[in-house]
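Only heavy atoms go into these numbers, but all of them, side chains included; no hydrogens, no water, no symmetry mates.
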Amino acid sequence: MGHIHVRDKQTGHEYAVPEHLFNDEAHEKTGKPVRDAHGDLVQPKFRTALGTPTKQAAKKASESGQKAETEKE
């Protein structure tokens, strides 16, 4: 049983899955190697948004009324 390297269409995460679990609706083949230099399966690569807050996080913060402290004594 082999593995393939995929990108999750919903989250953007990249990881290796067994071939029989590949779902064309949920995954996109990346063509990247599934094994590292030691022969182990590659570690997952999680997609993160750096430097910009997500719309949901910004909305949640504005709804809660939280504000950052700007002055310290």
Side-chain angles (χ1 to χ4, degrees):
M1 169 177 15
H3 289 79
I4 53 175
H5 196 272
V6 299
R7 178 179 300 115
D8 188 297
K9 290 181 179 179
Q10 185 176 8
T11 63
H13 303 326
E14 295 182 8
Y15 47 88
V17 296
E19 288 180 7
H20 72 279
L21 294 178
F22 176 77
N23 179 352
D24 193 39
E25 294 178 10
H27 302 125
E28 175 184 338
K29 292 181 182 179
T30 63
K32 294 181 181 179
V34 295
R35 302 268 177 197
D36 63 12
H38 304 285
D40 299 323
L41 287 175
V42 294
Q43 295 294 315
K45 180 180 178 185
F46 300 106
R47 181 175 175 216
T48 58
L50 301 175
T52 57
T54 63
K55 290 179 183 178
Q56 291 176 344
K59 182 179 177 183
K60 185 177 179 182
S62 67
E63 288 175 355
S64 69
Q66 294 178 347
K67 295 185 179 182
E69 293 181 28
T70 56
E71 295 180 26
K72 293 194 175 191
E73 296 180 33

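Closest approach of Asp36 and Val42 over heavy atoms only: N-CG1, 4.1 Å. Looking at every heavy atom in both residues, Val6 comes nearest to Thr30 through C-CG2, 3.8 Å.
Listed by first and then second residue, the salt bridge (charged side-chain N to carboxylate O under 4.0 Å, His left out) pairs that reach into residues 3-23 are Arg7-Glu14, Arg7-Glu28, Glu14-Lys32, sequence neighbours excluded.
Every residue meeting the side chain to side chain contact (heavy atoms under 4.5 Å, CB included) condition with Phe46, not counting sequence neighbours, appears here in chain and number order: His13, Pro44. For Asp24, the side chain to side chain contact (heavy atoms under 4.5 Å, CB included) partners are Phe22, not counting sequence neighbours. Listed by chain and number, the residues in a side-chain hydrogen bond (donor to acceptor under 3.5 Å, both in side chains) with His3 amount to none (sequence neighbours excluded).
Separation of atoms CG (Leu21) and NE2 (His27) is listed at 8.0 Å; rounding is to 0.5 Å. Here the straight-line distance linking atom CZ of Arg35 with atom CG of Asp40 works out to 7.5 Å at 0.5 Å rounding.
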